[in-house]
Amino acid sequence: MRRIAISLLVFLLLAAPVGAQQAADAQAPEAAGTIAGRGNVTARHWMVAAANPLAAEAGAQMLREGGSAVDAMIATQLVLGLVEPQSSGLGGGAFLVYWDRSSGRLTSFDGRETAPLAATPTLFQNASGEPLGFMEAVVGGRSVGTPAIPRLLEDAHRRHGRLAWARLFEPAIALAENGFIVSPRLAGLVAQDAGLKRMPGTRDYFFTPDGAPLAAGSLLKNPAYAATLRLLAREGAGAFYRGELAANIVRTVREAPGNPGVLAMDDLATYRVKEREPICVPYRGLDICGMGPPSSGALTLGQILGMLEPYDINGLGPDSPEAWRLIADASRLAFADRGRYMADADFVPMPTRGLVARDYLKARGKLLRGDDALPEVAPGRPKWDHARLDYADDSALELPSTTQISIVDGEGNVLSMTSTIENAFGSRLMVGGFLLNNELTDFSFKSQEDGVPVANRVEPGKRPRSSMAPTIVMKDGRPVLALGSPGSSQIIGYVAKTLIAHIDWGMDLSQAIASPNVLARFDAVEIEEGTAAVRLAPALEALGFTVKQAPMTSGVQAIGITPEGLTGAADPRREGVAIGQ
């Protein structure tokens with residue numbers, strides 16, 4: 001009876017007029033109602049989907065010249081670091097999932113930043129052993145991990161590049177020297193970020209001499225970035241990790257006003273990208289594959305989908321509160337496991353296989369059989385491949401400054417890469433025309449709880465846990481979809497929603513991406529404000545959930561792959577586009 005009553009309530013709410021909101025919907029369809037998608041882009045040979053048109057065009061230029069997916073990714077990433085500096089760049093890191101058509105092999109590359117060798121478990125604690133405030137830790141050198149992007153780009157090019165290394169730098173160099181038009185998104189983020197004025201480099205770059213923030217539509221040049229790119233194009237990534245540029249990075253971190261860090265030349269000199277086996281979980285006859293630890297993305301996404309597989313999400317449909325009850329509680333259960341067990345598996349033992357084992361997910365999925373929201377969730381007890389270890393729960397924050405690149409090249413190679421500097425504008429430290437990350441704040445600020453260690457605690461050389469979820473969906477051993485999103489720990493929910501909308505509810509890629517974001521990470525169900533999904537709130541509250549409405553600026557970039565061709569779509573909530581031929 002409860003389900004019937006709630007279904008009737010939702011029907012009445014969805015059938016009711018929006019009232020005063022209707023006029024706003026007519027003028028700003030992306031701000032209210034269902035997010036207005038930009039439609040699908042189709043192509044026969046190749047495609048690139050990225051978070052900015054200038055960056056996507058740089059990648060497309062490489063593909064037109066016969067370049068590989070990796071060539072296009074490098075050109076795209078280098079431009080993103082210029083035109084979308086708040087999200088990614090040379091001073092950050094990334095996870096890359098790659099399918100090589102010639103070998104039929106799927107693999108992943110861990111380009112995550114590392115904690116300096118001088119870091120201690122108390123890095124983000126005050127003299128009394130209490131955790132620092134988040135922004136107190138972020139702005140300055142304390143939060144900077146060893147940057148990884150230059151090494152990742154070079155390693156990927158060595159393995160899978162086709163065009164000359166230096167050629168891939170030319171579009172970004174030209175834009176940096178000649179200038180690019182500041183987008184409304186970049187201008188808005190600069191205007192609302194107080195931390196940028198605290199550091200000389202960012203203050204000088206993002207503000208006029210009289211202190212006004214960059215205006216949308218203004219021309220912005222970055223000669224320092226052009227010089228850095230010319231150096232890397234000429235000498236390779238090694239020039240980033242040794243020599244004058246490396247010394248400048250270390251000096252900037254260690255001399256940051258008010259909040260110095262401990263990064264050293266040895267940290268840069270010893271950084272290495274790691275190739276890892278991807279995590280794959282079956283769902284509806286497909287294999288959902290992504291980045292394993294230190295990312296929690298593929299594991300948590302796989303847990304959510306694995307718990308949902310026995311349930312008729314298709315039959316319930318996207319307007320069903322029952323469907324969202326199942327999705328939300330599966331997500332809460334997965335996030336409970338994430339907080340307890342997931343970290344850099346090179347440093348802490350993890351029950352990686354146990355977390356996505358069929359019998360474990362089946363047992364966890366049975367917890368969803370009731371009519372109401374789970375009153376509380378707790379981590380499960382997955383099987384270990386070795387002696388069980390107990391960890392304390394981690395509540396590390398993770399903020400949404402990230403970007404996504406999805407590419408299919410003319411040979412059929414496929415990649416999905418999520419790249420980040422963590423918080424918007426990272427540490428707010430600028431060197432050589434690029435921003436340095438604040439990735440270390442993805443570690444737990446607490447190293448232990450009542451004497452029990454936190455898996456995601458700070459340790460020298462360790463990689464902080466991430467939620468980035470670059471994903472390639474496989475069917476019968478071949479890729480059928482590449483996608484991912486920015487959005488901090490909300491990334492997992494954004495990708496899950498897109499996959500469920502596409503696979504279970506039959507939406508095309510553009511519709512699936514543009515559909516309202518609804519997710520749960522911890523206790524509350526989060527609904528994208530100003531969308532049709534807010535009408536689900538009363539029904540979800542009646543089921544026992546706490547419901548919150550907030551902006552949820554996902555940035556999904558996706559490419560579908562079929563024998564007939566390619567279909568690409570970019571999230572209308574950001575500036576991204578898909579370009580194909």
Side-chain angles (χ1 to χ4, degrees), residues 48-65 67 70-92 94 147 149-150 153-154 157 161 163-190 196 201-202 204-208 213-234 237 239-240 245 401 403-405 407 417 419-421 424-426 430-436 555 557 570 574-579:
V48 54
N52 180 280
L54 293 172
E57 176 54 34
Q61 193 173 337
M62 301 305 117
L63 293 172
R64 292 188 192 102
E65 296 176 15
V70 163
D71 293 330
M73 175 273 289
I74 294 169
T76 300
Q77 176 61 71
L78 294 174
V79 173
L80 284 172
L82 174 70
V83 302
E84 198 193 41
Q86 72 276 10
S87 294
S88 70
L90 295 176
I149 284 290
L153 300 186
E154 187 176 71
H157 182 261
L163 300 179
W165 170 253
R167 171 70 185 107
L168 310 178
F169 288 71
E170 292 177 5
I173 291 171
L175 283 168
E177 290 182 334
N178 299 326
F180 65 96
I181 300 301
V182 174
S183 71
R185 178 172 172 77
L186 175 56
L189 289 168
V190 169
L196 290 174
T202 50
D204 293 344
Y205 182 66
F206 290 110
F207 295 85
T208 65
L214 288 173
S218 60
L219 184 71
L220 182 61
K221 298 181 180 181
N222 192 336
Y225 188 60
T228 295
L229 293 181
R230 288 189 183 281
L231 174 67
L232 299 184
R234 183 176 63 251
F240 186 96
L245 178 56
S401 278
T403 198
Q404 170 65 27
I405 303 170
I407 300 175
M417 185 174 89
S419 176
T420 185
I421 57 171
F425 304 102
M430 206 164 190
V431 183
F434 59 89
L435 287 156
L436 295 175
Q557 317 291 341
R574 300 198 184 206
E575 301 166 341
V577 297
I579 300 174

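Every value quoted in this text rests on a predicted model; they were computed, and no experiment measured them. Scope of the values below: all heavy atoms of this structure, side chains included, with no hydrogens, waters or symmetry mates.
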Enter the distance from Asn52:CG to Arg185:CZ here, rounded to the nearest 0.5 Å. 10.5 Å

Hey, do the aromatic rings of Phe434 and Phe240 have their centres closer than 6.0 Å? yes

Answer yes or no: is there a side-chain heavy-atom contact under 4.5 Å between Phe206 and Pro85? yes

Side-chain heavy atoms of Tyr205 within contact of Leu220, under 4.5 Å: yes

Rounded to the nearest 0.5 Å, the CG atom of Leu163 sits from the CD atom of Glu170 at a distance of 10.0 Å

Mind checking whether Val190 and Phe207 have side chains closer than 4.5 Å, heavy atoms only? yes

Step by step, would you call Glu575 with Glu84 a side chain to side chain contact (heavy atoms under 4.5 Å, CB included)? CA-CA 10 Å; Glu575 301 166 341; Glu84 198 193 41; 5.6 Å; no

Does any part of the side chain of Leu90, heavy atoms only, come nearer than 4.5 Å to the side chain of Leu78, both counted from C-beta? yes

Is there a side-chain contact between Leu153 and Trp165, using heavy atoms and a 4.5 Å cut-off? yes

Donor-acceptor check, side chain of Asp71 to backbone of Met62, threshold 3.5 angstrom: yes or no? no

Got Val431 and Leu245 here, is their nearest side-chain heavy-atom distance under 4.5 Å? yes

Shortest non-hydrogen pair, Ala51 vs Thr403, comes out as CB-OG1, 3.2 Å

What distance separates Leu232 CG from Ile173 CD1, expressed to the nearest 0.5 Å? 9.0 Å

For residues Ala215 and Ala187, report the shortest heavy-atom separation together with the two atoms involved. C-CB, 4.0 Å

If every non-hydrogen atom of Ala570 is compared with every non-hydrogen atom of Ala578, which pair is closest and at what distance? CB-N, 4.3 Å

Check Ile149 against Ser419 and note the closest heavy-atom contact, atom names and distance. CD1-OG, 3.6 Å

Side chains of Arg574 and Gln557: closer than 4.5 Å at any heavy-atom pair? no

How long is the span from the OG atom in Ser87 to the CD atom in Gln404, to the nearest 0.5 Å? 12.0 Å

Which heavy atom of Leu229 sits nearest a heavy atom of Ala172, and at what distance? CD1-CB, 3.5 Å

What's the spacing between His157 NE2 and Leu168 CG if we round to 0.5 Å? 5.0 Å

Evaluate the side-chain proximity of Leu80 to Gln77: yes if any heavy-atom separation is below 4.5 Å, no if none is. yes

CE-CE distance between Met73 and Met417, expressed to the nearest 0.5 angstrom: 5.0 Å

For Leu63 against Gly67, the heavy-atom pair lying closest together: CD2-O, 3.5 Å

